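Please read the structure below before turning to the comments.
Please read these numbers as outputs of a predicted model, since none were measured by experiment. In what follows, every heavy atom counts, from backbone to side chain, and hydrogens, waters and symmetry copies are set aside.
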Amino acid sequence: MEVLRRSSVFAAEVMEVFDRSPTDKELVSQAKALCRDYINSRLIRAGVSWSKPEHNTPVPGGKLAEVSTILLRLGDELEYIRPNVYRNIARQLNISLHSETVVTDAFLAVAAQIFTAGITWGKVVSLYAVAAGLAVDCVRHAQPAMVHTIVDCLGEFVRKTLVAWLKRRGGWADITKCVVNTDPSIRSHWLVAAVCSFGHFLKAIFFVLLPER
């Protein structure tokens with residue numbers, strides 16, 4: 001799947017941005033590149049059949065790679081706490097994966113609910129876990145093109161909702177502070193909070209979307 005390999009195209013310019021204050025457009029490009037890497041990792045882990053990258057495809061390096069690694073590590077912890085929460089997202093939301101409009105509306109509704117009570121890195125990790133879980137569902141149901149839709153939706157959500165917050169923190173590299181000299185029990189606390197919030201709003205989103213199906 002070409003969409004899962006495009007992050008390498010942005011690698012050089014994204015890495016350069018980390019050395020200065022990023023623009024809104026750059027933060028969104030980084031968000032989408034990180035999303036592709038996250039989805040790619042989860043598809044591989046799920047053993048889903050898809051077009052794997054060529055062996056000579058460049059991979060993101062430098063600070064972008066560090067951010068991606070930490071995002072995935074925190075995602076692992078989040079999904080370990082409640083393994084069933086971030087799987088079978090489409091079934092939990094009871095949505096069809098054959099309609100781009102339905103997938104878009106559902107993802108954006110879930111994203112909005114995650115951040116209703118504010119923005120934290122735990123909730124950002126949760127957003128990526130939802131995107132990846134939904135992407136795995138799409139590929140499993142022979143709808144790989146929907147991965148493009150999910151990545152674009154996440155980018156648009158970041159542009160509208162998270163960019164200002166990210167800029168105040170100097171960009172995506174701020175997530176590295178979540179794992180530097182941090183007590184695992186403290187990190188688990190905010191991850192648990194993100195999972196609990198997700199469990200509650202999944203039910204709320206189900207009833208919001210139900211009349212439209």
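In this structure the side chain of Phe107 never reaches within 4.5 angstrom of the side chain of Thr149, judged on heavy atoms.
Distance alone, capped at 3.5 Å, is enough to place a donor-acceptor pair between the Tyr128 side chain and the Ala31 backbone. Here the side chain of Lys123 pairs a donor or acceptor atom with the backbone of Gly118 at under 3.5 angstrom. Without hydrogens or angle criteria, Gln113 side chain to Val110 main chain gives no donor-acceptor distance under 3.5 Å. Between the side chain of Gln92 and the backbone N or O of Arg87 there is at least one donor-acceptor pair closer than 3.5 Å.
Contacts of Tyr38 classified as side chain to side chain donor-acceptor pair (under 3.5 Å), with partners at least two apart in sequence or in another chain: Arg42, Glu79. Take Lys25 and apply the salt bridge (Lys or Arg N to Asp or Glu O under 4.0 Å) test, not counting sequence neighbours, and it matches no residue. Judged as a side-chain contact (heavy atoms from CB on, under 4.5 Å), and not counting sequence neighbours, the contacts of Thr101 are Ser99, Asp105. In this structure Asp174 satisfies the side chain to side chain donor-acceptor pair (under 3.5 Å) test together with Trp121, Lys177, sequence neighbours excluded. Remark: Glu100 pairs with no residue by the salt bridge (Lys or Arg N to Asp or Glu O under 4.0 Å) rule, at least two apart or across chains.
Here Leu127 contributes atom CG and Cys35 contributes atom SG; the two are 7.5 Å apart, rounded to the nearest 0.5 Å. Note that the CZ atom of Phe115 and the OG1 atom of Thr120 stand 7.0 Å from one another [nearest 0.5 Å]. Taken to the nearest 0.5 Å, the CG atom of Leu27 stands 8.0 Å off from the CH2 atom of Trp172. The CD1 atom of Ile44 sits 12.0 Å away from the CD1 atom of Ile39 when rounded to the nearest 0.5 Å. Once rounded to the nearest 0.5 Å, the distance linking CZ of Arg169 with CD1 of Ile175 reads 12.0 Å. Rounding to the nearest 0.5 angstrom, the gap separating the CG atom in Leu162 from the CG atom in Asp24 is 11.5 Å.
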After noting the C-alpha distance and the side-chain angles of Val158 and Leu166, does the key distance pass the side-chain contact (heavy atoms from CB on, under 4.5 Å) rule? CA-CA 9 Å; Val158 168; Leu166 286 166; 4.0 Å; yes

Using side-chain contact (heavy atoms from CB on, under 4.5 Å), reason through Met146 and Leu97 one step at a time and then give a plain yes or no. CA-CA 8 Å; Met146 286 296 180; Leu97 296 174; 5.6 Å; no

Test log, rule side-chain contact (heavy atoms from CB on, under 4.5 Å), inputs Leu74 and Leu78: CA-CA 6 Å; Leu74 294 174; Leu78 189 63; over 6 Å; no

Could you walk me through whether Glu26 and Ser29 pass the side-chain hydrogen bond (donor to acceptor under 3.5 Å, both in side chains) test, one step at a time? CA-CA 5 Å; Glu26 289 164 341; Ser29 292; over 6 Å; no

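Contact detail for Ser96 and Val103: the closest heavy-atom pair is O-CG2, 3.9 Å. Residues Asp37 and Ser68 approach most closely at CB-OG, 3.6 Å, considering heavy atoms. Ala112 and Phe157 make their closest contact through N-CE1, 3.8 Å (heavy atoms, listed as atom of the first residue, atom of the second, distance). Among all heavy-atom pairs drawn from Val67 and Ala173, the shortest one is CG2-CA, 3.8 Å. Closest heavy-atom contact between Gly155 and Val28: O-CG1, 3.6 Å.
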Only pairs under 3.5 Å count here: list side-chain donor-acceptor contacts from residues 131-141, not counting sequence neighbours, and write none if there are none.
| residue | atom | partner | partner atom | Å |
| --- | --- | --- | --- | --- |
| Asp137 | OD2 | Ile89 | N | 2.8 |
| Asp137 | OD2 | Ala90 | N | 2.8 |
| His141 | ND1 | Asp137 | O | 2.8 |

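Under 3.5 Å, the side chains of Thr69 and Glu66 contain no donor-acceptor pair of N or O atoms.
Among pairs with a residue in residues 144-161, those fulfilling salt bridge (charged side-chain N to carboxylate O under 4.0 Å, His left out) read Lys32-Asp152, Glu156-Arg159, Glu156-Lys160, at least two apart in sequence or across chains.
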